[in-house]
Amino acid sequence: MKVLLVCSGGMSSAIIVKALEKEAERAGLALAVKSVGTGEFAEEVQNGWDVVLVAPQVRHRLEAFREAAAGLGVPVAVIPPQGYTPFGGAVVLGEIRKILG
């Protein structure tokens, strides 16, 4: 499973990347996670991601991200605020599972 995280500059979501990787390892899931800034999103979303999660601080751009990913069939959702912490890996993984079914 490939998960792309988007935040303002790609730095704050690096904390979520680590938390999500730890949780996926505990669950025995193969997971590739990358965080990018909003300026890199349009190009990076074309690289075969399964799901895109948007940081709460850039949720105001959610529709623009969805439009950019729509033709690729990549679902885009906002990371729940309770998941946007160093201990939020389980929350974020649960959100991914819900999105992907």
Side-chain angles (χ1 to χ4, degrees):
M1 175 178 357
K2 290 179 65 178
V3 179
L4 182 63
L5 303 178
V6 184
C7 71
S8 204
M11 300 301 285
S12 63
S13 58
I15 294 167
I16 308 311
V17 168
K18 291 181 193 278
L20 189 52
E21 288 173 337
K22 283 182 184 179
E23 192 62 33
E25 185 177 326
R26 272 186 238 156
L29 296 174
L31 184 72
V33 186
K34 181 176 181 178
S35 64
V36 296
T38 57
E40 304 165 80
F41 174 75
E43 184 176 332
E44 186 60 46
V45 74
Q46 298 178 41
N47 292 330
W49 298 97
D50 296 314
V51 64
V52 172
L53 296 177
V54 177
Q57 72 265 31
V58 293
R59 69 179 170 265
H60 63 280
R61 297 189 56 193
L62 181 62
E63 287 309 312
F65 297 136
R66 284 183 172 158
E67 286 175 20
L72 304 168
V74 180
V76 179
V78 176
I79 297 169
Q82 64 272 30
Y84 206 73
T85 74
F87 306 105
V91 171
V92 177
L93 188 57
E95 187 70 15
I96 293 166
R97 287 179 163 162
K98 187 168 61 172
I99 293 166
L100 296 178

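Keep in mind that what you see is a predicted model, and the values were worked out from it rather than measured.
Counting heavy-atom neighbours within 6.0 Å of Glu25 CD, excluding the residue itself, gives a total of 12 or less. For Lys2, the NZ atom is densely surrounded, since the number of other residues' heavy atoms within 6.0 Å is greater than 12.
The pair Glu21-Lys18 does not meet the salt-bridge criterion, since no charged nitrogen lies less than 4.0 angstrom from a carboxylate oxygen. Taking 4.0 Å as the cut-off between side-chain N and carboxylate O, Arg66 and Glu63 count as a salt-bridged pair.
The CG atom of Leu20 sits 11.5 Å away from atom CD of Glu95, with the distance rounded to the nearest 0.5 Å. Atom CD1 of Ile79 sits about 8.0 Å away from atom CD of Gln57, to the nearest 0.5 Å. One distance of note links NE2 of His60 with CZ of Phe65; it measures 7.5 Å at 0.5 Å rounding. The structure places CG of Leu100 at 6.5 Å from CG of Asp50, a figure rounded to the nearest 0.5 Å. Rounding to the nearest 0.5 Å gives a distance of 8.0 Å between OH of Tyr84 and CG of Leu5. Here the CG atom belonging to Leu4 is positioned 5.5 Å from the CD atom belonging to Glu44, to the nearest 0.5 angstrom.
Put simply, the side chain of Arg59 gets close to the backbone of Pro56: a donor and an acceptor are under 3.5 Å apart.
Follow the hydrophobic side-chain contacts under 4.5 Å out from Ile15 and you never reach Val91; the two are in separate clusters. Note on Phe87: it does not cluster hydrophobically with Ile96, by side-chain heavy-atom contacts below 4.5 Å among ILVMFWY residues.
With Val17 as the fixed residue, the side chain to side chain contact (heavy atoms under 4.5 Å, CB included) test singles out one of Leu31, Val33, Val3: Val33.
Counting heavy atoms from C-beta on, the side chains of Leu53 and Ile99 come closer than 4.5 Å. By the 4.5 Å heavy-atom criterion applied to side chains, Val45 and Val76 are not counted as neighbours. Within the 4.5 Å cutoff, the side chain of Ser13 has no heavy atoms near those of the Val6 side chain.
Smallest separation of non-hydrogen atoms from Cys7 and Ala55: CB-CB, 3.6 Å. Taking each heavy atom of Leu29 and Met1 in turn, the nearest pair found is CD1-CE, 4.4 Å. In plain terms, the two heavy atoms of Arg97 and Ala27 that are nearest each other are NH2-CB, 3.9 Å.
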